[in-house]
Amino acid sequence: MPVAKSKQRSTLFVFLYFASSAALAVLLSASWQWLAGASARPARMRLFMHDVLTGPGATAVEVVNGTGPSLFGGDPPLRFGQVVVIDDALTDGPDPASRPVGRAQGTYVFASMHDPALLFCMNVVLTAGPYSGSTFAVVGRDNIVEPLRELSVVGGTGRFRMATGYVLWRTASWQLRKNAVLDLDVFIYVHAHAHAHA
């Protein structure tokens, strides 16, 4: 008789284990669907980024001189391995005197041995407009000679908590080894629950 009771207990334990596992899977699935469904509200903004490499007001500083192959002419040329740290102004127009709306803070690295392509990693810190005080992170490949590039939005804070999206990236103006103005067309999917806590 003790053997029969032991088998019953084992069967009950296995049943409870699988039942609780199934219930947990359903709950996690429902939670994930709620989070995914909460990101249905898109936001769009147009920003102009001023990458200033010259003068006393420089906002982009080379911290590692690339020693790899030359990727672009000039004196000195742009080379594989070059690393630049930025704290660039963001405005609502291409003119540097346009209304400031934030800062682009991060790094870019010449990360291709064959193309003038950068690995861009930056935080967009907004200081004006409806999303003032919030940030979002941009990461991606920027081949500077292509007319249109696409980078990823990989998260954020405040109103952009858990945001996803992309940035269509164009060069508005550029002087080699001097200054550039970049036109950023930003598309972000904002999670509804971020609004409740921002």
Taking all atoms of both residues into account, what is the closest heavy-atom pair of [X] and [Y], and its distance?
X	Y	answer
A58	L53	CB-C, 4.0 Å
G165	Y189	CA-CD1, 4.3 Å
R170	P147	CG-O, 3.6 Å
V181	P94	CG1-O, 3.8 Å
R159	P130	NH1-O, 3.4 Å
N179	V52	OD1-CA, 3.4 Å

Would a hydrophobic clustering, with Ile, Leu, Val, Met, Phe, Trp and Tyr connected at side-chain separations under 4.5 Å, put [X] with [Y]?
X	Y	answer
F120	L168	no
V84	M122	yes
M49	V85	no
I86	V63	no
W169	V145	yes

How far does [atom1] of [X] sit from [atom2] of [Y], to the nearest 0.5 angstrom?
X	Y	atom1	atom2	result
L47	S98	CG	OG	11.5 Å
T135	R161	OG1	CZ	10.0 Å
I144	Y108	CD1	OH	8.5 Å

**OP:** Mark yes or no for whether T91, through its side chain, and R99, through its backbone, hold a donor-acceptor pair below 3.5 Å.
**Re:**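 No; judged by distance alone, with no hydrogens or angles, the pair does not exist.
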
Original post:
Under the 3.5 angstrom rule, does the side chain of N123 hit a backbone N or O of V125 as a donor-acceptor pair?
Top reply: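 Checked: no pair found.
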
Among [options], which residue satisfies the side chain to side chain contact (heavy atoms under 4.5 Å, CB included) criterion with [X]?
X	options	value
F48	D88, L90, D183	D183
V153	T164, V124, V167, V139	V167
R141	L151, D115, L119	D115

**OP:** Indicate whether any N or O donor in one side chain lies under 3.5 Å from an N or O acceptor in the other, for T59 and H50.
**Re:**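 Note: T59 and H50 side chains miss the donor-acceptor criterion.
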
Side chains of [X] and [Y]: does their closest heavy-atom pair fall under 4.5 Å?
X	Y	result
P116	N143	yes
M45	L184	no
L118	R149	no

**OP:** Return the orientation label for the F136 and F160 ring planes: parallel under 30°, perpendicular over 60°, tilted otherwise.
**Re:**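 Geometry flag for F160 against F136: perpendicular rings.
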
Subject >> Aromatic contact, F110 with F80 (centres under 6.0 Å) >> reply: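 No, ring centres 6.0 Å or more apart.
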
